[in-house]
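Worth knowing before you read on, the calculation uses all heavy atoms, side chains too, and leaves out hydrogens, waters and symmetry mates.
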Amino acid sequence: MDTVMTPRVAATLDRRALATLSEGASIAIKREVHELVVSAPAPAFAAAFRAVMMAPESRFGDIRVRRPEGRLGATFEIGERFQGAFDVCSALARRGPAGRLAAAILARTPALARRLEDAFLSDYAEIEVIEALPGGGERLRYRYLEGTPIAGSSTFLVTPDGDARCRVTQIFEYQEVNAFALAAFQHAGLKLHDHVVWEQVRKAAAQAGGQVISATIPRGYVAA
């Protein structure tokens, strides 16, 4: 199953160190904040967000959430580690005739595609905070692990915004680990990150019986 880690990745997951931010590095530490308003109460949205994140078929744009086989479908816990893998075949298939040809070739060699995703096209992270907030809100924070092109963390803050709405604040603090990651992330990675955030919130909003009614994410990134 595409959402189960390979034994190779699962075996090395616990040995990955946290990818820490470095103020002395030549690449700057950056912080991006987005706010999305959802037409669903905070408790309903928070529960739906947990559900879509842990669903075995979890997929947000071209990103699949992968977990060790024994954790598939289970509620995320503090200290748990997971993989966000970029679906290279899906992305290539949208890149014109040459991309579709490359995707077709890789699709015939799924083990190779999986190795590429695991080695070069994945984020690895550890859940650091799962905290209930007043009014039925919630805070979720995960930190990135070595083997990811960036160091830093992602935080989702769900707070009430009236009786029938909630506000989702997404805080992304990051630092690329090398010059190649810097070029790749500024060219496409940040747009991909914002699109994934949009998909996470959109799917949770729908499951909670609502929708995203406003967002600071650029419209073009939503449709990426």
Keeping the roles fixed (side chain from Arg71, backbone from Thr75), state whether a donor-acceptor pair exists under 3.5 Å. yes
Quick one: does His195's side chain have a donor or acceptor within less than 3.5 Å of a partner on Tyr221's backbone? yes
Is Arg66 salt-bridged to Glu117, going by a charged N under 4.0 Å from an acidic O? yes
Cluster check Ile63, Phe76: I/L/V/M/F/W/Y, side chain < 4.5 angstrom: yes
Of all the heavy-atom pairs spanning Pro68 and Arg81, show the shortest one and how long it is. CD-O, 4.2 Å
So, do Val65 and Thr3 sit near enough that their side-chain heavy atoms are less than 4.5 Å apart? no
Quick one: does any side-chain atom of Lys30 pair with a main-chain N or O of Ala28 as donor and acceptor, under 3.5 Å? yes
Between Phe185 and Tyr174, how do the two ring planes meet: parallel, tilted or perpendicular, split at 30° and 60°? tilted
For Gln186 and Glu176, test the side chains for any donor-to-acceptor distance below 3.5 angstrom and give the result as yes or no. yes
Is it true that Glu138 and Arg50 have a side-chain N and a carboxylate O under 4.0 angstrom from each other? yes
Please check: side-chain N/O of Glu35 versus main-chain N/O of Val168, any donor-acceptor pairing under 3.5 Å? no
Looking at residues at least two apart in the chain, or sitting in another chain, which of them share a side chain to side chain contact (heavy atoms under 4.5 Å, CB included) with Pro160? Ala42
Is there a donor-acceptor pair closer than 3.5 Å between any side-chain N or O of Ser39 and the backbone N or O of Gly210? no
Under a 4.5 Å side-chain heavy-atom rule over Ile, Leu, Val, Met, Phe, Trp and Tyr, are Leu116 and Leu192 clustered together? yes
Looking only at heavy atoms, the pair that brings Ser153 and Arg143 closest together is CB-CG, 4.0 Å
Does Arg16 come within less than 4.0 Å of Glu126, counting only side-chain N to carboxylate O? no
Where Ala205 and Val212 come nearest, the two heavy atoms and their spacing: CB-N, 4.2 Å
Verify, without hydrogens or angle tests, whether Thr6 (side chain) and Val9 (backbone) share a donor-acceptor contact under 3.5 angstrom. yes
Do the side-chain N and O atoms of Ser122 and Gln83 include a donor-acceptor pair separated by under 3.5 angstrom? yes
Qualifying residues under side chain to side chain contact (heavy atoms under 4.5 Å, CB included), relative to Thr148, sequence neighbours excluded: Asp123, Tyr124, Tyr144, Ile150
Test side-chain contact (heavy atoms from CB on, under 4.5 Å) applied to Thr155 and Leu140, step by step: CA-CA 6 Å; Thr155 301; Leu140 166 69; over 6 Å; no
Kindly state whether the ring of Phe86 and the ring of Phe120 have centres lying under 6.0 angstrom apart. no
Can you name the closest pair of heavy atoms from Ala19 and Ala151 and give their distance? O-CB, 3.0 Å
Go through the steps for Arg67 and Glu80 under the test side-chain contact (heavy atoms from CB on, under 4.5 Å), then give the verdict. CA-CA 9 Å; Arg67 305 171 72 183; Glu80 183 170 350; 2.6 Å; yes
Counting N and O atoms only, with roles assigned by atom type, does the side chain of Lys191 sit under 3.5 Å from a partner on the main chain of Gly220, one being a donor and the other an acceptor? no
So if you build clusters from Ile, Leu, Val, Met, Phe, Trp, Tyr with side-chain heavy-atom gaps below 4.5 Å, do Leu121 and Val196 land together? yes
Between Val222 and Ile217, which heavy-atom pair has the shortest distance, and what is it? CG2-CG2, 4.0 Å
Identify, with sequence neighbours excluded, every residue that meets side chain to side chain contact (heavy atoms under 4.5 Å, CB included) alongside Arg100. Pro97
Looking at Ala46 and Gly136, what are the two nearest heavy atoms and their distance? CB-O, 4.0 Å
Salt bridge or not for Arg64 and Asp87, using N-O below 4.0 Å? yes
Side chain Ser154, main chain Phe172, donor-acceptor under 3.5 Å: no
Mind checking whether Thr169 and Val33 have side chains closer than 4.5 Å, heavy atoms only? yes
Transitively linked via ILVMFWY side-chain contacts under 4.5 Å: Leu190 with Val177? no
Do Phe60 and Val197 land in one hydrophobic cluster if side-chain heavy atoms of ILVMFWY residues count as linked below 4.5 Å? yes
